[in-house]
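Below, read A as the first sequence line, B as the second, and so on, with proteins coming before strands; counting in each chain starts at 1.
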Amino acid sequence: MKENVQQILDHFHIEQFQHDLIHWFVKEQRDLPWRKEKDPYKIWVSEVMLQQTRVDTVIPYFYKFIEKFPTLDALAEAEEKEVLKAWEGLGYYSRIRNLHAAVKEVKEKYDGCVPASKEQFSSLKGVGPYTTGAVLSIAYDIPEPAVDGNVMRVLSRIFYITDDIAKGSTRKKFEQLVSCIIAHDNPSDFNQALMELGALICTPKSPSCFLCPVQRHCRAFAEGAEGKLPVKTKGKAPKHVSFRAIVLADKKGSILIEKRPNSGLLANLWQFPNDEHAPTADDQAFIKEISERYGVVIRSVQQIGTFQHVFSHVVWHIEAYKGEAIGLTVDVPTRKWVTIEELASYAFPVVYQKIWQAYE
DNA sequence: AATTCGTGGAC
DNA sequence: TGTCCAAGAAT
């Protein structure tokens, strides 16, 4: 295993590569909000937000999140509802549930100070191999590899590595490689530079090799093979799921909402009554099911549209309705009648936001 | 090891 | 319009 990496590094000029890469990064890096200071908490938040999420998407969320939770203690002390609302629309909601739990643990066990120990930090919820390396290197200048999709793409080209980056085991090989070439005198800039290069120059499609600061180190470029790398097998096609949902208003104009389970898809977010887990045959059966489940009489039912929403692994087709509801509902924490003003303080999945817009 | 977990932008 | 994706982690 180790011999494998050594062979890859044969004839590779490590110090020259480090210098070319970091010199470029210092000069050309983007002015991003989480690069203004080296607050481990803010670095951490940015890294969690950036997981599988574009920089342009993250920037406004990062500003709002830090404004609302400026310190680790502030986030640790915040209510789940408020924290989830700040994440609304960002996706992969387990990230914020895990971050919130992790921050609480840091507050209790480490006096609110993000641990600089690899063992301690990586044991926190939602902190995997990448986030560990990213936070420790960027915030604490500790020479740990931070291997994300950018790094695998960049290094697969530079070293002509044909391992399938869609496989989980491949990341470990790149971590070994980075451990060998990381700049110990500046691991922060080195790791960020690899990712920045992937984002700006060594892009997935049509990389700008003519602008690349490490072109002379790149084996793929030398062989005109940058377009063939990295090797990445396709995932399987998502499944299609069809069901119905209904926006119910009582005579005062309050809206019936329901909290999703605390695990699984869109965990802990709120939604309108629906038959996602037991799709009905027709609208009459649907109205009957909802009436019985919530103990209300429903009238003036109207269809308000069909909505499609594509997730990573599933596609939803929702037939949406609106109606008036009469009767009482058990007031449990996961079911509520809320005014339209109150509705705005609950976090909803994007597809239910679309349904709400159609209702209004 | 393979699935599950969101969303919106680029082409 | 369909495809691929973007600074991954948990199970």
Side-chain angles (χ1 to χ4, degrees), chain A residues 25 29-30 32-35 43-62 84 87-99 101-102 121-139 145-155 164-172 174-175 178 188 190-200 202-206 230 232-239 241 260-269 271 308-316 347-354:
Chain A
F25 177 70
Q29 65 175 288
R30 290 168 292 179
L32 300 173
W34 45 89
R35 287 179 177 163
I43 303 290
W44 185 7
V45 169
S46 75
E47 289 303 340
V48 174
M49 284 188 171
L50 285 162
Q51 289 167 11
Q52 299 293 286
T53 310
R54 287 184 159 75
V55 167
D56 289 341
T57 302
V58 167
I59 289 173
Y61 278 91
F62 181 80
L84 197 55
W87 208 268
E88 182 187 51
L90 200 49
Y92 286 140
Y93 299 95
S94 66
R95 291 184 294 175
I96 187 55
R97 185 178 64 253
N98 288 332
L99 177 61
F121 185 64
S122 66
S123 75
L124 297 167
K125 287 186 179 176
V127 178
Y130 165 75
T131 305
T132 299
V135 172
L136 291 192
S137 65
I138 298 171
V147 175
D148 69 339
N150 283 311
V151 172
M152 288 195 284
R153 181 174 62 257
V154 167
L155 296 183
D164 182 2
I165 66 167
K167 292 188 181 295
S169 55
T170 301
R171 196 202 66 251
K172 293 177 185 169
F174 284 99
E175 285 176 344
V178 172
S188 171
F190 182 88
N191 278 341
Q192 290 187 80
L194 276 182
M195 294 187 277
E196 194 80 343
L197 190 68
L200 299 182
C202 195
T203 49
K205 297 167 196 166
S206 59
K232 188 178 184 182
T233 56
K234 295 183 192 174
K236 61 174 189 177
K239 291 178 179 176
V241 177
R260 294 177 63 83
N262 60 14
S263 67
L265 186 62
L266 304 170
N268 290 335
L269 275 68
Q271 63 185 2
Q308 179 177 320
H309 195 76
V310 181
F311 297 93
S312 310
H313 61 297
V314 64
V315 181
W316 274 2
F348 280 78
V350 167
V351 66
Y352 282 100
Q353 295 177 35
K354 292 180 196 166

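Within 4.0 Å (heavy atoms only), A:Trp34 reaches at least one base atom of the nucleic acid. Using a 4.0 Å heavy-atom cutoff across all strands shown, A:Ile138 reaches no nucleic acid atom at all. Among the atoms of the strands shown, base atoms are found under 4.0 Å from some heavy atom of A:Arg35. Within 4.0 Å (heavy atoms only), A:Gly168 reaches no atom of the nucleic acid at all. Using a 4.0 Å heavy-atom distance criterion, A:Thr131 is classed as a sugar-phosphate-only contact. At a threshold of 4.0 angstrom between heavy atoms, the contacts of A:Arg153 are confined to the sugar-phosphate backbone, with no base atom among them.
Every residue meeting the salt bridge (Lys or Arg N to Asp or Glu O under 4.0 Å) condition with A:Glu175, not counting sequence neighbours, appears here in chain and number order: A:Arg171. Partners of A:Thr233 under the side-chain hydrogen bond (donor to acceptor under 3.5 Å, both in side chains) rule, at least two apart in sequence or in another chain, are A:Asp164. Residues that satisfy the salt bridge (Lys or Arg N to Asp or Glu O under 4.0 Å) test with A:Arg260, not counting sequence neighbours, are A:Glu276. Partners of A:Lys354 according to the side-chain hydrogen bond (donor to acceptor under 3.5 Å, both in side chains) rule, which considers only residues two or more places apart in sequence or in another chain, are A:His309.
In this entry the distance linking CZ of A:Phe121 with P of C:dG8 reads 15 Å, nearest Å. Protein atom CD of A:Glu196 is 14 Å distant from nucleotide atom C1' of C:dA6, rounded to whole Å. At whole-Å resolution of the value, NZ in A:Lys232 and P in C:dT3 are 16 Å apart. Atom C1' of nucleotide C:dA9 and atom NZ of A:Lys172 are separated by 14 Å, given to the nearest angstrom. When the P atom of C:dA9 is taken as reference, atom NZ of A:Lys167 falls 20 Å away, rounded to whole Å. Counting to the nearest Å, the C1' atom of C:dA6 and the OH atom of A:Tyr61 are 15 Å from each other. Atoms CD (A:Glu47) and P (C:dA6) sit 17 Å apart, rounded to a whole Å. At whole-Å resolution of the value, CD in A:Glu175 and C1' in C:dG8 are 12 Å apart.
The residue among A:Asn98 and A:Arg30 whose nearest nucleotide of DNA chain C lies closer to the 5′ end is A:Arg30.
As rounded to the nearest Å, B:dG6 and C:dT3 have P atoms that lie 22 Å from one another. Rounded to the nearest Å, the gap between the P atom of C:dA6 and that of B:dC5 is 23 Å.
Within the 3.5 Å criterion, the main-chain N or O of A:Thr53 finds no donor-acceptor partner in the side chain of A:Thr57.
For A:Ser169, taking side-chain heavy atoms from C-beta onward, the closest of the listed nucleotides C:dA6, C:dA9, B:dA1 is B:dA1.
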Treating primed atoms plus P, OP1 and OP2 as sugar-phosphate and everything else as base, which nucleotides of nucleotides 3-11 of chain B get B, S or - for protein heavy atoms under 4.0 Å? -SBBBBB--
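Under the 6.0 Å cut-off for aromatic ring centres, A:Phe121 and A:Trp44 qualify, their centroids lying closer than that.
The stretch residues 46-58 of chain A participates, sequence neighbours left out, in no salt bridge (charged side-chain N to carboxylate O under 4.0 Å, His left out) pair at all.
Contact record, A:Leu32 with A:Val55: CD2-CG1, 3.8 Å, taken as the closest heavy-atom pair.
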